[in-house]
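Below: one structure, written as structure tokens.
Values below: every heavy atom of this structure, side chains too, minus hydrogens, waters and symmetry copies. The model shown is predicted, which means the values in this text are computed figures rather than measured ones.
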Amino acid sequence: MKRPLMGAGIALVAGVAAAFLGVPWFGVCLGLAGLNIGIKIWAESSFKYVLGLSAFLIVGFCRTLPEVLDPADFSSSGPTIQGSVCRVQKKANSTWIYVRTRVKEEVLVVAANDSEGEAEYYKGQIIEIWGEAEAFASPGNPGQFDEKSYYLSQGVSCRVWAEKIVLVSEGRWFWRQLRFLEVLKERMSVFYRESMSESGAGVVLAAVLGDRSGFTEDLRRYYQENGWMHLVTTSGLHLSFIAMGLYRRLRKSTVAIWPSTVLALLAMLTYGYMTDFGDSMLRAMGMMIFSLIGRLLGRKNDMSTALVLTADVLLLFRPARLFSAGFQLSFGAVAGMILGKYLEKCFLERERHSKSKTELEFQSVFWIQAGIFFATLPVLLWHMYEIPLLGFFYNFFMIPLISFVVPAAFIAGLMGSCLVPGLTGAASVIMGGIDVLFGWVHRLPSAMLVCGRPQWWQIGLFCICAGGAVCLAGRNRFHFVGLMAAGCLILMFVRERSDRIICIDVGQGDGLCILSEQGQAVLVDGGSSDVKKVYQYRIEPMLKYYGVRKIDAWFLTHGDSDHVSGLREALENSAVPVKQVILPDVSADETLNEICDLSKRQAVSVMIIRPEDRLKAGNFEFLCLYPKAEWCSGDKNNDSLVLSLSRTAGENYFTMLLMGDLERQGEEMLLEKNGVSDCDVLKVGHHGSSGATSKVFLEASVPEWAFISCGENNSYGHPHDETLERLRMAGCEYLTTAGHGALMIQFSLTSYHILVWGKGADK
């Protein structure tokens, strides 16, 4: 069988994936039996090779056992951690220190205030930290960043908020000798910041030194929307520029292969040490090591086998890497390059004699870009739910630009950090030119296509279509294009739509999202008092997760910041446009007036809703119950908008009351002026405060379920025990976003189901 090592490596990766996906031993045994039979029949491999594949799969499966450090293992009365520093990141208001403990051998994150700027930490130092340890949070909403999984894939078990840090020793002799590299990195960083604009320095720091402290959120978003994030953050691409470039120059200078290999490896390790050995760097290092070893042994370089074996080595050290977006994108991009080379061979082999050199080079780059796009498309949609529309075309010049910028900026940084006037001046000129280049790049337009997260069956069908297309690439171009187009359409545009209501976990605040099977999206409130940029980090990712490309209407119940901050943020900067803002009929609310003015400046229509007004969104209907301007008392909470949300599908009828922050006084006015009917679900007013959801109101509304939106361990004590007791006495079951994450109502043909996102359990 060709490439036996690659087959064994793929089996190990399959074993790791099976363990993470929860496949039982019985399923693994069945899979092995099917694998053995298939290989024996179609590949005609030897019995020993089949056994070898089985052994690799079992090794991968057994290696993937979760070992997560419990924060409770640490005592706050003594040193929380004693261990060695392995990485340091400086933030605006803190320093993040990654420490490997001596007992647990786990890498931890420590966030320590560094306001005075006196303490300096370096790799290899032994430190003791006193503070409070906490586990990383699981996502509370669909689409929200999974902090726990991310740090687990990085080998980080928990976070410690440091109160006191004591330096025990400077570490071993080896680490002390390498400290000059960290000092050099800091000097280069200072030089870049002084010689470039803020945005230009942010890009260069990230691309050359792996320092993202200058990479602002706006800049990060711009580069992500253009598909350049993997280019402008330290990656294996840059390592290849430096180390392999050095190796080729040495070989061309008639330096023997052994010294050239050793020097290239030293350059690779030095640069990797300065940039903290990220997954992409380790991938490039592993592939280079296999490539150089192959050259030393006189073997032909097999990029595919080197890629798979490198993945195996990294996964054996840390299996959780497998489902990391960075790991998948890094390996997927290289796999795409291999695929692009194959497609180039299939489509251009017969035409090379009839095309010019320029045409051949352009088409070669085109097929490599196409291969990378096809290989990374499922990863982008699974993790980011959107794809950059212009990135494919921009990369034709961005890849050559970055291949020039990284070595030039690295050399200029070395010159600028030496503090010699002549060299520093020349380096500043170079960085000024690079700054001008990036200034031009930053004026290019960007665009994203929101597609939503695909399901597993869609990824499977895409892989089948892509595999069939690749098999037919050398035979029939029409079939290749048709199969690839069908696979991309299935992956990007086929989405299972259904009616659902989501009570968003926004921390201490309020937010509700209604999605109809016809594609409409409506929000009610959406703000937080304890989560910064709640729209960017919680609301917008959830909308993208479900493939929402526009918000048809956004209701505001009243003007408190914990209800409106998300809308304000969305109006100022959002990839998902708001079409209409709907405000209550109140006598005076300064915040709502500001929102109204901001909406009009952004060309968003504004509507004032009054009692008996109705709006439809698919099977859903919104009926305004309260208030009128003449009913208002001047108190924001008691003047909150109250909506009755109903859904009619056939003979099934569902009703939900949305209470905003309405308290007892407002409830009495509502019952007096308009009354309420029985409801299935009550969105409890004022986050479960004791001043809301009175006994009289519960007797009038008779809810079966109650949703309470509040933050975990919030300073207000929401929900109050008195409110919960009244709900229990009324026979109403209740759920809180603080305890369960997002609360969801999923509708079927005959009924509805209550789900909680944090546990994924059907209630």
Notebook entry, point to check: Any idea which heavy atoms bring Arg549 and Val450 closest together, and the distance?
Noted result: NE-O, 2.6 Å
Check: Mind checking what makes side chain to side chain contact (heavy atoms under 4.5 Å, CB included) contact with Thr216, not counting sequence neighbours?
Finding: Glu198, Asp218, Leu219
Note to self: Surrounding CE of Met337 (heavy atoms of other residues, nucleotides or ligands, distance under 6.0 Å), is the total greater than 12?
What the structure shows: no
Note to self: Is the shortest side-chain heavy-atom distance between Leu571 and Val604 below 4.5 Å?
What the structure shows: yes
Notebook entry, point to check: Checking salt bridge (Lys or Arg N to Asp or Glu O under 4.0 Å) for the pair Glu128/Lys164: CA distance, chi angles, key distance, verdict?
Noted result: CA-CA 8 Å; Glu128 287 183 349; Lys164 178 183 177 183; over 6 Å; no
Notebook entry, point to check: How long is the gap from CG on Leu184 to OG1 on Thr270, to the nearest 0.5 Å?
Noted result: 10.5 Å
Checklist line | Which residues share a salt bridge (Lys or Arg N to Asp or Glu O under 4.0 Å) with Glu147, sequence neighbours left out | finding: Arg159
Next item on the list: Could you list all the side-chain hydrogen bond (donor to acceptor under 3.5 Å, both in side chains) pairs where at least one residue sits in residues 432-447, not counting sequence neighbours?
Entry: Ser197-Asp435, Tyr223-His442, Glu225-Ser446
Next item on the list: Could you give me the CA-CA distance, side-chain angles and deciding distance for Trp130 and Val166, then say whether side chain to side chain contact (heavy atoms under 4.5 Å, CB included) is met?
Entry: CA-CA 9 Å; Trp130 281 258; Val166 175; 3.6 Å; yes
Checklist line | By side chain to side chain contact (heavy atoms under 4.5 Å, CB included) - contacts of Val436 (at least two apart) | finding: none
Notebook entry, point to check: Is it true that a side-chain atom of Gln82 and a backbone atom of Ile129 form a donor plus acceptor pair closer than 3.5 Å?
Noted result: no
Note to self: Any heavy-atom pair between the side chains of Ile97 and Arg87 that's under 4.5 Å?
What the structure shows: no
Check: Taking only residues two or more places apart in sequence, or in another chain, which ones meet Lys544 in a salt bridge (Lys or Arg N to Asp or Glu O under 4.0 Å)?
Finding: Glu386, Glu540
Notebook entry, point to check: Under the side chain to side chain contact (heavy atoms under 4.5 Å, CB included) test, which residues partner Leu265, sequence neighbours left out?
Noted result: Thr261, Met268, Ile289, Leu292
Check: If every non-hydrogen atom of Val406 is compared with every non-hydrogen atom of Tyr271, which pair is closest and at what distance?
Finding: CG1-OH, 4.4 Å
Checklist line | Sequence-distant partners of Glu569, side-chain hydrogen bond (donor to acceptor under 3.5 Å, both in side chains), two or more places apart | finding: none
Margin query: Testing the basics here: between Ser195 and Met431, what is the closest heavy-atom pair and its distance to 0.1 Å?
Written below: OG-CB, 3.7 Å
Next item on the list: Please name all residues satisfying salt bridge (Lys or Arg N to Asp or Glu O under 4.0 Å) with Glu217, sequence neighbours left out, ordered by chain then number.
Entry: none
Margin query: Would Leu414 and Met188 count as a side chain to side chain contact (heavy atoms under 4.5 Å, CB included) here? Give the steps.
Written below: CA-CA 7 Å; Leu414 291 176; Met188 292 173 67; 4.1 Å; yes
Next item on the list: Please work out which of the three classes, parallel, tilted or perpendicular, describes the rings of Phe396 and Phe362, given edges at 30° and 60°.
Entry: parallel
Checklist line | Atom pair CZ/OG of Arg568 and Ser599 - distance to nearest 0.5 Å | finding: 10.0 Å
Item checked: Aromatic ring pairing Tyr273/Phe277, orientation class (parallel under 30°, perpendicular over 60°, tilted between) -> perpendicular
Next item on the list: Could you tell me the separation between the CG atom of Leu178 and the CZ atom of Arg172, rounded to the nearest 0.5 Å?
Entry: 13.5 Å
Check: Is the closest side-chain heavy-atom distance between Arg187 and Phe191 below 4.5 Å?
Finding: no
Margin query: Looking at Asn395 and Met398, would you say the former's side chain and the latter's main chain have a donor-acceptor pair under 3.5 Å?
Written below: no
Next item on the list: Can you tell me which residue pairs pass the side-chain hydrogen bond (donor to acceptor under 3.5 Å, both in side chains) test with a partner in residues 417-432, sequence neighbours excluded?
Entry: none
Notebook entry, point to check: Going from CZ on Arg321 to CZ on Phe331, what distance comes out if it is rounded to the nearest 0.5 angstrom?
Noted result: 8.5 Å
Notebook entry, point to check: Would you say Asn573 and Arg221 make side-chain contact, with heavy atoms under 4.5 Å?
Noted result: yes
Notebook entry, point to check: Counting distance only, does the side-chain N/O of Tyr192 pair as donor-acceptor with the main-chain N or O of Ala409 below 3.5 Å?
Noted result: yes
Margin query: For a 4.5 angstrom cut-off between non-hydrogen side-chain atoms, does Asn226 reach Phe393?
Written below: no
Next item on the list: Give a yes or no on whether the backbone of Ala206 and the side-chain of Arg212 come within a donor-acceptor separation of less than 3.5 Å.
Entry: no
Notebook entry, point to check: What do the steps show when you test Tyr121 against Thr95 for side chain to side chain donor-acceptor pair (under 3.5 Å), and what is the final call?
Noted result: CA-CA 9 Å; Tyr121 302 101; Thr95 300; over 6 Å; no
Notebook entry, point to check: Residues in side chain to side chain contact (heavy atoms under 4.5 Å, CB included) with Ser364, at least two apart?
Noted result: Lys341, Glu344, Ile368
Notebook entry, point to check: Would Arg283 and Leu307 count as a side chain to side chain contact (heavy atoms under 4.5 Å, CB included) if you check the C-alpha gap in whole Å, the side-chain angles of each, and the deciding distance to 0.1 Å?
Noted result: CA-CA 8 Å; Arg283 188 268 308 157; Leu307 181 68; 4.1 Å; yes
Check: Nearest heavy-atom pair of Phe327 and Ala311: which atoms, and what distance?
Finding: CZ-CB, 4.2 Å
Margin query: Any heavy-atom pair between the side chains of Trp228 and Ile402 that's under 4.5 Å?
Written below: no
Margin query: Hydrogens and angles aside, do Tyr150 and Ser324 bring a side-chain donor and acceptor to less than 3.5 Å of each other?
Written below: no
Margin query: Which heavy atom of Cys418 sits nearest to which heavy atom of Leu423, and what is that distance?
Written below: SG-CD1, 3.7 Å
Next item on the list: May I ask you to test the Leu437-Phe404 pair for a side-chain heavy-atom distance under 4.5 Å?
Entry: yes
Checklist line | Nearest-0.5 Å distance, OG1 of residue Thr310 to CG of residue Leu282 | finding: 10.0 Å
Next item on the list: Any chance you could measure Phe438, atom CZ, to Ser199, atom OG, to the nearest 0.5 Å?
Entry: 9.5 Å
Notebook entry, point to check: Distance-only, no hydrogens or angles: does the Arg538 side chain make a donor-acceptor pair with backbone N or O of Asn141 under 3.5 Å?
Noted result: no
Checklist line | Donor-acceptor under 3.5 Å (Thr275 side chain, Gly210 main chain) | finding: no
Item checked: Summary of salt bridge (charged side-chain N to carboxylate O under 4.0 Å, His left out) pairs that have at least one residue in residues 268-277, sequence neighbours excluded -> Lys123-Asp276, Lys185-Asp276
Notebook entry, point to check: Within the distance-only criterion (no hydrogens, no angle test), does the side chain of Gln125 pair as donor or acceptor with the backbone N or O of Tyr122 below 3.5 angstrom?
Noted result: yes
Checklist line | Which atom of Phe145 lies closest to which atom of Pro139, heavy atoms considered | finding: O-CB, 4.0 Å
Note to self: Determine whether a donor-acceptor pair (N or O, by modelled atom type, separation under 3.5 Å) exists between the side chain of Ser528 and the backbone of Asp530.
What the structure shows: yes
Checklist line | salt bridge (Lys or Arg N to Asp or Glu O under 4.0 Å) partners for Glu186, two or more places apart | finding: none
Note to self: Is the shortest side-chain heavy-atom distance between Tyr98 and Val156 below 4.5 Å?
What the structure shows: yes
